[in-house]
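Values below: every heavy atom of this structure, side chains too, minus hydrogens, waters and symmetry copies.
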Amino acid sequence: MTLTPLPPCTARSGARLLLHGDCPPGFLRTVHEALARHPYRIAVRPEERDPYLGDRLRSLLRALPPARTLLTSADALAAALAWTAVADPRLAMNLVTHTVLCSGSLVRLAPGTTGTPEVREALDALDRGDARGSYLITETGRANSHLGAMTRAVHDPERGQFVLDTPDPAAAKFAGVPDAPERRLAVVLARVEAGGREGGVFPFLVELADADGPRPGVEWSAPVEVGALPLTLRKVSLHGVRVPVGHWLRDTASLDTDGTPADPLGSPDARLQRSLHVGRDLWGTLPSAAAALARQSTVLALRHSRRRATLARPASGAPLFSHRSQQRALLGALADSYALGCAAARARELLQELLDAPGGPTGRATDAMGFAPWTAVSRDLSAYKAHSVREAERVVAGCQRRCGHHGLVDANRLAGYRGFLHAFDPAGGDSQLILYDLGRTLATEPQEPYEHHGPYVPEPYEHHGPYVPEPYRSYEPGAARRAPAPRPTDPTDPSWWPTVLRAHETALADGLRGALRTRRHLDDFERWNPLLDLAGELGETHAARLAAEDVVRAGNRFLTDVGPPLRDALEDLGTLAALRAARRRAGELLTHGTLAPAALVPVAAETDRLCDRLLPHLPLLEGLFSFPDDIVCSGLGVRPPAAHPTGAFLPEDPS
């Protein structure tokens with residue numbers, strides 16, 4: 001399939017472009033059909049799970065473009081991952097490992113344009129689904145094992161091979177290795193030793209298993225069960241496993257004539273960053289999957305809430321959604337999901353810029369390595385990863401609570417969605433380490449001057465007494481939108497929340513720099529050890545500020561040709577997301593003096609007014625945010641009668 005861009009979007013298609021990316025014609029429909037071909041099954045016995053997921057993965061891979069092509073388009077890769085995550089989070093995890101990490105390592109790091117014949121054959125087998133891909137990086141016995149991989153790859157010049165060994169049980173790799181009689185290929189991260197010298201950590205292509213089981217020298221444990229996201233995970237050890245030199249994914253490195261490693265990158269840290277560059281593909285696309293799961297979870301909770309009658313007093317027999325607290329929670333989740341979609345669009349854009357840059361995706365990283373390698377690989381994309389998975393998990397968890405025990409039932413999908421997001425908090429680059437490193441980088445690099453005027457105090461807020469919401473009613477298309485009087489310092493101004501977060505980020509960075517100055521006589525550990533939480537708070541604020549700015553950016557880029565009422569509704573969602581974030585962070589903002597208490601006075605009333613304005617537009621928003629029922633397959637998603645008009649989003653709907 002040739003990935004040609006769509007023509008410029010118009011009208012409502014701009015909103016679809018924001019949420020689903022600039023995919024080629026027919027691409028989403030192809031993904032949809034591949035996912036619907038094997039209906040979702042939750043009650044799969046462990047011995048049946050791997051063959052079932054293998055069939056689904058094979059069907060999807062044969063519908064997708066080859067990895068060499070798919071990995072050139074951030075939008076297409078992100079859409080494939082997002083739709084797969086909504087259809088089956090377990091399958092999405094397999095797709096990440098197989099295509100983004102395993103095939104991606106072959107595409108990005110094999111020498112030359114296509115690598116050796118062995119690498120090309122392996123890549124073709126992975127594209128067809130004739131082989132399954134694994135990615136072996138984490139070692140079980142040491143935290144942050146990426147920084148000190150103990151798995152060794154020793155060069156044997158006489159036989160033109162590398163010999164891979166696991167030196168002790170603590171160095172065993174921990175990864176997904178399904179139970180299935182099939183060929184399994186793995187990318188294994190190992191420390192190169194050649195000519196008596198170490199050459200840094202590189203990926204190697206390893207034949208892990210065939211139809212008869214593990215290959216000679218490969219030893220793996222019984223499955224390690226993970227209930228939140230049922231997959232077959234194992235400890236894997238390698239004992240004298242020989243691979244051809246052509247399976248060394250050496251990138252620009254080589255062996256000198258005397259057999260010693262020669263690496264133009266010049267340092268082990270720089271080599272590790274390059275070896276982990278497939279992380280950029282993951283971080284640029286995972287936010288789209290996180291946003292998709294948050295949107296679909298909110299749609300399911302909204303449908304359930306409107307259909308679910310409650311006997312709670314004083315409104316016995318009324319729909320659950322008639323309660324104001326339920327409206328605030330779920331409309332707020334819808335707003336947060338929209339904000340996540342705006343951040344995801346920016347992450348895709350940043351990834352595409354890297355892919356299109358001179359030198360392509362193999363360009364040199366710019367940041368020095370700190371506590372972990374992740375921000376050195378890509379500061380902004382790692383920030384989007386950490387922010388998106390945590391925020392999306394919070395949204396899904398809130399939807400679960402608002403659905404009662406129905407939200408906990410596996411078949412209703414929310415538990416699996418949350419498990420996927422929770423798994424990616426430490427996986428794919430530990431989010432907490434990313435936030436620590438973001439804070440460290442921001443506090444130690446030169447800062448642009450920022451004029452700080454003390455706590456933000458708004459202009460006097462005209463208060464008209466307690467806010468009384470309009471009576472709850474069925475959705476009335478075309479209901480009038482009541483715009484508030486413009487106030488430049490009003491917290492409903494789109495620029496207000498990004499400005500507050502930038503001021504807070506500056507204050508935190510100044511505080512951290514001051515604390516570091518008082519401890520400069522200490523070694524690195526003693527200097528940073530008591531300050532990690534403050535560094536993490538700074539990193540979290542930085543990531544949140546990027547995402548807040550993306551809401552404004554998305555409106556200017558994607559919604560200029562979108563007319564009312566959809567544009568008005570999406571703008572209200574962006575404002576509501578900002579107000580909710582301000583309330584969640586109120587304690588820290590007040591503690592650090594970033595906001596004065598008066599600045600938060602209007603937030604509660606404005607939140608309710610926004611909810612009132614959004615109610616009439618729920619059918620329109622649900623139609624835009626929801627995924628096809630035949631891939632979601634959730635009892636929570638049964639559509640309420642009458643009140644809900646058209647069906648779910650159709651991939652190629654031109655409207």
Side-chain angles (χ1 to χ4, degrees), residues 18-19 78 81-82 85-86 89 92 282-299 301 328-348 350 374 380-402 414 417-435 438-439 497-498 500-501 504-505 536-554 573-589 607 625:
L18 166 64
L19 300 181
L81 179 57
V86 169
L282 177 60
W283 304 333
T285 54
L286 186 60
S288 294
L293 292 176
R295 292 197 303 272
Q296 187 59 48
S297 296
T298 306
V299 168
R328 290 193 194 101
L330 295 185
L331 290 171
L334 202 67
D336 295 342
S337 301
Y338 170 71
L340 282 167
C342 296
R346 178 59 177 164
R348 297 194 303 269
L350 291 175
W374 312 120
D380 284 349
L381 289 180
S382 65
Y384 279 109
K385 180 269 180 184
H387 174 82
S388 295
V389 296
R390 290 192 168 185
E391 284 296 292
E393 185 185 358
R394 179 185 59 76
V395 171
V396 177
C399 291
Q400 276 191 295
R401 283 194 297 274
R402 293 292 167 169
L414 299 185
Y417 291 170
R418 187 178 180 185
F420 177 87
L421 295 163
H422 185 69
F424 267 112
D425 191 44
D430 187 280
S431 296
Q432 192 58 51
L433 290 178
I434 288 171
L435 297 178
L438 285 172
W497 182 233
V500 169
L501 284 176
H504 191 52
E505 181 182 339
E537 186 179 353
L538 173 57
E540 182 181 358
T541 301
H542 173 75
R545 190 259 299 171
L546 293 178
E549 292 173 347
D550 292 335
V551 175
V552 180
R553 180 184 290 108
L573 285 179
T575 303
L576 180 57
L579 297 184
R580 283 167 54 83
R583 294 190 72 173
R584 286 194 301 274
R585 289 176 168 267
E588 64 185 83
L589 294 170
T607 295
F625 282 15

Hey, mind stepping through Leu282 and Phe424 against side chain to side chain contact (heavy atoms under 4.5 Å, CB included) and telling me if it holds?
CA-CA 11 Å; Leu282 177 60; Phe424 267 112; 4.2 Å; yes

Output, in order, the C-alpha distance, side-chain angles, deciding distance and verdict of side chain to side chain contact (heavy atoms under 4.5 Å, CB included) for Thr298 and Phe625.
CA-CA 9 Å; Thr298 306; Phe625 282 15; over 6 Å; no

Is there a side chain to side chain contact (heavy atoms under 4.5 Å, CB included) between Leu438 and Leu538 once you walk through the steps?
CA-CA 7 Å; Leu438 285 172; Leu538 173 57; over 6 Å; no

Check against side chain to side chain contact (heavy atoms under 4.5 Å, CB included), Arg295 and Val395
CA-CA 9 Å; Arg295 292 197 303 272; Val395 171; over 6 Å; no

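Annotation: side chain of Leu18 is in contact with side chain of Cys342 (closest heavy-atom distance under 4.5 Å). Residues Asp380 and His542 are in side-chain contact: their nearest non-hydrogen atoms beyond the backbone lie under 4.5 Å apart.
Taken from CG in Leu414 to CD in Gln400, the straight-line distance is 5.5 Å, to the nearest 0.5 Å. Atom SG of Cys399 is separated from atom CG of Leu293 by 11.0 Å, given to the nearest 0.5 angstrom. Taking CG of Leu576 as the start and CG of Leu334 as the end, the distance is 9.0 Å to the nearest 0.5 Å. Atom OG of Ser297 is separated from atom CG of Leu330 by 11.0 Å, given to the nearest 0.5 angstrom.
Aromatic ring pairs are classed by plane angle as parallel below 30°, tilted from 30° to 60° and perpendicular above 60°; the pair Trp374 and Trp283 is perpendicular.
The two residues Phe420 and Ala92 have their closest heavy-atom pair at CE1-CB, 3.8 Å. Residues Ala289 and Leu81 share a closest heavy-atom pair of CB-CG, 4.0 Å. Nearest heavy-atom pair, Ala383 versus Leu546, reported as atom, atom and distance to 0.1 Å: CB-CD1, 4.3 Å. What you find for Pro498 and Arg545 is that their closest heavy atoms are O-CG, 4.0 Å. Shown here for Ser388 and Ala290, the closest heavy-atom pair between the two residues is O-CB, 3.8 Å. Summarising the geometry of Ala582 relative to Leu589, their closest heavy-atom pair is O-CD1, 4.2 Å, with the distance given to 0.1 Å.
When Ile434, Leu286, Leu350, Leu340 are each tested for a side chain to side chain contact (heavy atoms under 4.5 Å, CB included) with Tyr384, only one passes: Leu350.
Note on Asp336 versus Arg394: salt bridge recorded, some NZ/NE/NH1/NH2 to OD/OE distance being below 4.0 Å. Lys385 has no carboxylate O lying under 4.0 Å from a charged side-chain N of Asp430, or vice versa, which leaves the two without a salt bridge. The pair Glu537-Arg585 fails the salt-bridge criterion, with no side-chain N (NZ, NE, NH1 or NH2) lying under 4.0 Å from an Asp/Glu carboxylate O. Arg390 has no carboxylate O lying under 4.0 Å from a charged side-chain N of Glu393, or vice versa, which leaves the two without a salt bridge.
Residues Arg348 and Ser288 have side chains that bring a donor and an acceptor to within less than 3.5 angstrom of each other. No hydrogens or angles considered: nothing links the side chains of Glu540 and His387 as a donor-acceptor pair under 3.5 Å.
A donor-acceptor pair under 3.5 Å links the side-chain atoms of Tyr417 to the main chain of Val86, judged by distance alone. Here the side chain of Ser431 pairs a donor or acceptor atom with the backbone of Asp425 at under 3.5 angstrom. Proximity of a side-chain donor or acceptor of Arg580 to a complementary backbone N or O of Gly332 within less than 3.5 Å is detected.
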